[in-house]
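In this text, all values refer to a predicted model and were calculated from it rather than measured experimentally. Numbers here simply count residues along the sequence, with the first being 1.
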Amino acid sequence: MSLLEIEGLESFYGASQALFGVTLDVREGEVVALMGRNGMGKTTTIGSVLGLVRPRGGSIRFAGRAIAGQRPHRIARLGIGLVPEGRRCFPNLTVHENLVAAARGGTWTTDKVVALFPRLGERRDQYASTLSGGEQQMLAIGRALMTNPSLLILDEATEGLAPVIRQDIWRAIRTLKTTGQSILVVDKTLSELLPVADRCFVLEKGTTVFSGTPETLTPDLQDRYLGV
């Protein structure tokens, strides 16, 4: 069963059209990779799902409910958690305060987040502004999990991080997959992304040009749509 369904999505920034019929879906318990070169519409697609960009065409359904054009806070309450590009933690709140600020009842608790990212337990009372970039990314993921989302969206969760921290993030994603967490992930590190993904969608100039399993995303297709 599809948890998120996007069909023929068209979105604009003012008079400029950014999406020209994006189609993708995320099934329950599935990790889906959303890929494409810079500027091809990945972040706009996520923004449209979350209500940050208002679509003018197509449809977005979440858990069977039409959500296109709804306000962001209403969409979030339906069970979508975002780990935004650039982390955006609350700098003047502690690690613990960041985690509980948007917490909702459910499986995920501060203890479970700390078990996933032990560094956050070590820095429980530190302000987010004092954390390293990698630690802030762990905190952003933990904060999203504390909303107990049905769907977790990760937008460039490993970009700009040291290799050892990237490995920690990918380990966490693999762990989340074993729990049945539905995940939509945007990332450029194909060597890490493809092994964890169940299916892939590739955007080119604001439209979906490929959908399939990682095995069917051949080196030729990777070079055509994802190469520099």
Side-chain angles (χ1 to χ4, degrees), residues 2-6 9 19 22-50 80-88 116-117 133-145 149-228:
S2 291
L3 183 62
L4 175 68
E5 300 174 274
I6 302 174
L9 182 63
L19 301 183
V22 168
T23 295
L24 67 86
D25 67 293
V26 181
R27 299 165 189 160
E28 291 186 1
E30 186 178 45
V31 176
V32 169
L34 178 58
M35 297 181 288
R37 296 185 182 93
N38 289 341
M40 293 300 169
K42 304 184 299 295
T43 296
T44 302
T45 299
I46 291 173
S48 299
V49 170
L50 296 169
I80 301 179
L82 172 67
V83 180
E85 186 176 9
R87 299 176 280 275
R88 303 180 194 174
L116 186 66
F117 295 119
E135 290 165 348
Q136 288 184 21
Q137 189 62 279
M138 294 175 187
L139 181 55
I141 296 172
R143 182 182 60 190
L145 289 171
S150 300
L151 174 65
L152 180 67
I153 299 178
L154 300 165
D155 190 3
E156 302 286 7
T158 68
E159 186 174 30
L161 301 181
V164 65
I165 299 297
R166 288 204 300 269
Q167 291 305 310
D168 286 341
I169 300 298
W170 286 115
R171 173 193 55 77
I173 293 172
R174 291 191 294 270
T175 298
L176 291 172
K177 180 175 180 176
T178 67
T179 70
Q181 175 70 57
S182 302
I183 303 173
L184 177 62
V185 56
V186 175
D187 204 277
K188 298 183 181 71
T189 313
L190 299 187
S191 61
E192 296 288 353
L193 178 59
L194 293 181
V196 78
D198 296 298
R199 289 186 301 134
C200 307
F201 291 85
V202 178
L203 301 187
E204 175 83 4
K205 297 180 180 178
T207 191
T208 303
V209 293
F210 172 87
S211 65
T213 64
E215 293 77 17
T216 59
L217 185 61
T218 63
D220 285 347
L221 290 172
Q222 292 179 33
D223 184 63
R224 183 187 307 173
Y225 296 125
L226 304 172
V228 177

| query | Which residues satisfy the side-chain contact (heavy atoms from CB on, under 4.5 Å) test with Thr213, sequence neighbours excluded? | reply | Glu215, Thr216

| From OG1 (Thr179) to CG (Leu145), nearest 0.5 Å | 8.5 Å

| Closest heavy-atom pair and its distance - Arg171, Leu116 | NH2-O, 3.0 Å

| field | Under 3.5 Å: donor-acceptor pair, side chain of Ser2, backbone of Val26 | value | no

| query | Distance from Thr218 atom OG1 to Leu221 atom CG, nearest 0.5 Å? | reply | 3.5 Å

| field | Exercise: identify the closest heavy-atom pair between Gly41 and Leu19 | value | O-CD2, 3.6 Å

| query | After noting the C-alpha distance and the side-chain angles of Val186 and Thr45, does the key distance pass the side chain to side chain contact (heavy atoms under 4.5 Å, CB included) rule? | reply | CA-CA 11 Å; Val186 175; Thr45 299; over 6 Å; no

| query | Between Lys205 and Met40, which heavy-atom pair has the shortest distance, and what is it? | reply | N-SD, 3.0 Å

| request: Could you tell me whether the side chain of Arg27 reaches within less than 4.5 Å of the side chain of Val32, counting heavy atoms only? | output: no

| message | Are Glu30 and Leu3 packed together at the side-chain level, in the sense that at least one heavy-atom pair is separated by less than 4.5 angstrom? | response | no

| message | Strictly distance-based, threshold 3.5 Å: is any side-chain N or O of Arg37 a donor or acceptor partner for the main-chain N or O of Gly227? | response | yes

| task | Could you check Asp25 against Arg199 for side chain to side chain contact (heavy atoms under 4.5 Å, CB included), going step by step and ending with a plain yes or no? | result | CA-CA 10 Å; Asp25 67 293; Arg199 289 186 301 134; 2.9 Å; yes

| query | Rounded to the nearest 0.5 Å, what separation is found between the OG atom of Ser182 and the CG atom of Leu4? | reply | 9.5 Å

| remark: Interatomic distance, CD1@Ile141 vs CZ@Phe117, rounded to 0.5 Å, equals 4.0 Å

| message | Which heavy atom of Leu152 sits nearest to which heavy atom of Ala144, and what is that distance? | response | CD1-CB, 3.7 Å

| query | How many angstroms lie between atom OG1 of Thr43 and atom CD of Glu85, to the nearest 0.5 angstrom? | reply | 5.0 Å

| said: Around atom CZ of Arg88, are there more than 12 heavy atoms from other residues, nucleotides or ligands closer than 6.0 Å? | reply: no

| query | Are any side-chain N or O atoms of Gln181 and backbone N or O atoms of Ser150, one a donor and one an acceptor, separated by less than 3.5 Å? | reply | yes

| task | Rounded to the nearest 0.5 Å, what's the gap from CG on Asp155 to CD1 on Ile153? Could you check? | result | 8.5 Å

| query | Given Gln137 and Ile165, is the side chain to side chain contact (heavy atoms under 4.5 Å, CB included) satisfied, shown in steps? | reply | CA-CA 9 Å; Gln137 189 62 279; Ile165 299 297; 5.8 Å; no

| task | Taking the side chain as every heavy atom from C-beta outward, state whether Met35 and Leu194 have any pair of such atoms under 4.5 Å apart. | result | yes

| message | Quick one, Leu226 and Leu217 - any side-chain contact, counting heavy atoms below 4.5 Å? | response | yes

| query | Under the side chain to side chain contact (heavy atoms under 4.5 Å, CB included) criterion, do Lys42 and Glu156 qualify, and how do the steps go? | reply | CA-CA 10 Å; Lys42 304 184 299 295; Glu156 302 286 7; 4.2 Å; yes

| query | Side chains of Met138 and Asp168: closer than 4.5 Å at any heavy-atom pair? | reply | yes

| task | Check Asp187 against Ala157 and note the closest heavy-atom contact, atom names and distance. | result | OD2-N, 4.0 Å

| task | With sequence neighbours left out, write down each residue that passes side chain to side chain donor-acceptor pair (under 3.5 Å) with Thr208, or none if nothing qualifies. | result | none

| message | Are the side chains of Leu203 and Tyr225 in contact, using a 4.5 Å heavy-atom criterion? | response | no

| message | If you compare all heavy atoms of Arg166 against all heavy atoms of Leu161, which two are closest, and at what distance to 0.1 Å? | response | NH1-O, 2.6 Å

| request: Using side chain to side chain donor-acceptor pair (under 3.5 Å) as the criterion, list what pairs up with Asn38, not counting sequence neighbours. | output: Lys188

